[in-house]
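All values below come from the heavy atoms of this structure, side chains included, with hydrogens, waters and symmetry mates left out. Naming: A, B, ... by sequence-line order, numbering from 1 per chain.
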Number of protein chains: 2
Amino acid sequence: MSRGFSKPFGILDGMIVAAAKPAEQTDTREAILTIAERLVQARGFNGFSYADVAAELGITKAALHYHFAGKAELGEALISRYGARFADALAAIEAAHESAFDRIVAYTRIYASVLDQQRMCLCGMLAAEYHTLPEGMRRAVVEFFNANQAWLRRLLEDGQNAGTIRFAGSPEDAAQMIVGTLEGAMLVARPYADTSRFQRVVDQLLRELRP
Amino acid sequence: MSRGFSKPFGILDGMIVAAAKPAEQTDTREAILTIAERLVQARGFNGFSYADVAAELGITKAALHYHFAGKAELGEALISRYGARFADALAAIEAAHESAFDRIVAYTRIYASVLDQQRMCLCGMLAAEYHTLPEGMRRAVVEFFNANQAWLRRLLEDGQNAGTIRFAGSPEDAAQMIVGTLEGAMLVARPYADTSRFQRVVDQLLRELRP
DNA sequence: GTCTATAGGCAGATAGAC
DNA sequence: GTCTATCTGCCTATAGAC
């Protein structure tokens, strides 16, 4: 948590809390990103506009272009900040939990807290819209998933060695299945606006991972 | 397969084949739906326009409005046709396979064939865009998932009784996990344009379901 | 940094001729 | 059924004043 970002996924000292809007924004650029992030997670990159952000922030569209040359640049910045915060959250999980299983439980709570805010995972949303995204954003989305799955794979490897987690197949395959299951459970839970629906899938998943 | 729809998901006589474009379209309305369906699955409901469909079909936007009053009506018709074809595909699976496990394998191949065409599941895509959809489309998306999961739940119940499939928890929960896993695996595989990535997750899932 | 003003394009949609 | 023509509105983006 050294980068000074606001607490992104509601993770604080290993506890899951409702993500609060920062009382004061460090600067306009961050405020833009925070608003745009929520809009993209809720409505998609093709479902929000500069006008939406400008209206909510109380400045004009023209001012947005001062901070981000175009929508593509804004999009890349969104993924970059999101990825950095996600990495922070993963580091916090490692600091707070010892066993691989406990870490996975905490990992699933990141997703749950995002869903609680009526949001989709940013990069899950962008994966759906992938074929409409500018090239720079595409690269960033792939990098996010790579980093995410690499972290999971290492966790699974360690857990397998320590006997604190159980799974069939390779750690790589299991990592992909975990990410896929969580992203998909979020996706399908959205139309139902029902967190418990997501949680039941997670419980099912955790039951299979419990050593 | 009694409705006379074109073979939607590449399922024919229990075999998975590349989904071929129908040689001749029954009428303009169907042609519009076929083109729009592909565009929505590839780019999202907010990522295509009447102009895209009109250009590809070689007619004008105004002609589209004769067949579908507005984008919302077109969207509802898309989900309705997709859902009917999906139901046909499920019926075909039941006709072609006896055991619950074999049926699940065939079920996963529906998703694989969609992904092979660089598409997302139509309703998976719409679930991502859910908060931007008109009310009628939202209802239709939920109904699709309800029907889909009800079919899976019955299959799991039957398989559990016959001992041809294995899972922990309730059939309902397992059904939700299967749908979630498949939708999520499709979603995450998109940025990688790699079917084998999807297939590895499916193999992982099937390994756990094998009796 | 933020504004006003505006460009230029595309969106969904309609009127009315054929 | 399909066309031409057109409307209104929103989109991203830019120029230039303050």
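The interatomic distance linking B:Lys61 (NZ) with C:dA13 (C1') rounds to 8 Å, in whole Å. Rounding to whole angstrom units, CZ of residue B:Phe45 and C1' of C:dG12 are separated by 11 Å. What separates NE2 of B:His67 from C1' of C:dA13 is a distance of 16 Å, to the nearest Å.
Between A:Phe68 and A:Arg29, the closest side-chain pair of non-hydrogen atoms falls below 4.5 Å. Side-chain contact between A:Ile93 and A:Ile110: present, with at least one pair of heavy atoms (C-beta onward) separated by less than 4.5 Å. Looking at A:Leu182 and A:Phe198, their side chains come closer than 4.5 Å, going by heavy atoms from C-beta outward.
No contact: B:Phe68 has no heavy atom under 4.0 Å from any strand. Using a 4.0 Å heavy-atom cutoff across all strands shown, A:Tyr50 reaches sugar-phosphate atoms only and no base atom. Within the 4.0 angstrom heavy-atom criterion, only backbone atoms of the sugar-phosphate kind lie near B:Ser49; the bases stay farther away.
Comparing A:Ala62 and A:Asp52 along DNA chain D, the residue whose closest nucleotide (by nearest heavy atom) sits nearer the 5' end is A:Asp52.
Taking the ring centre of A:Phe48 as origin, the terminal cationic atom of A:Arg43 falls outside the region bounded by 6.0 Å and 45° from the ring axis. Cation-pi contact between B:Lys71 and B:Tyr50: absent, since separation from the ring centre below 6.0 Å together with deviation from the ring axis within 45° is not met.
You can see that DNA chain D meets the heavy atoms of chain A within a 4.0 Å-exclusive cut from D:dC11 to D:dA15, reading 5' to 3'.
Aromatic ring orientation, A:Tyr111 versus A:Phe86: perpendicular (interplanar angle above 60°, classes split at 30° and 60°).
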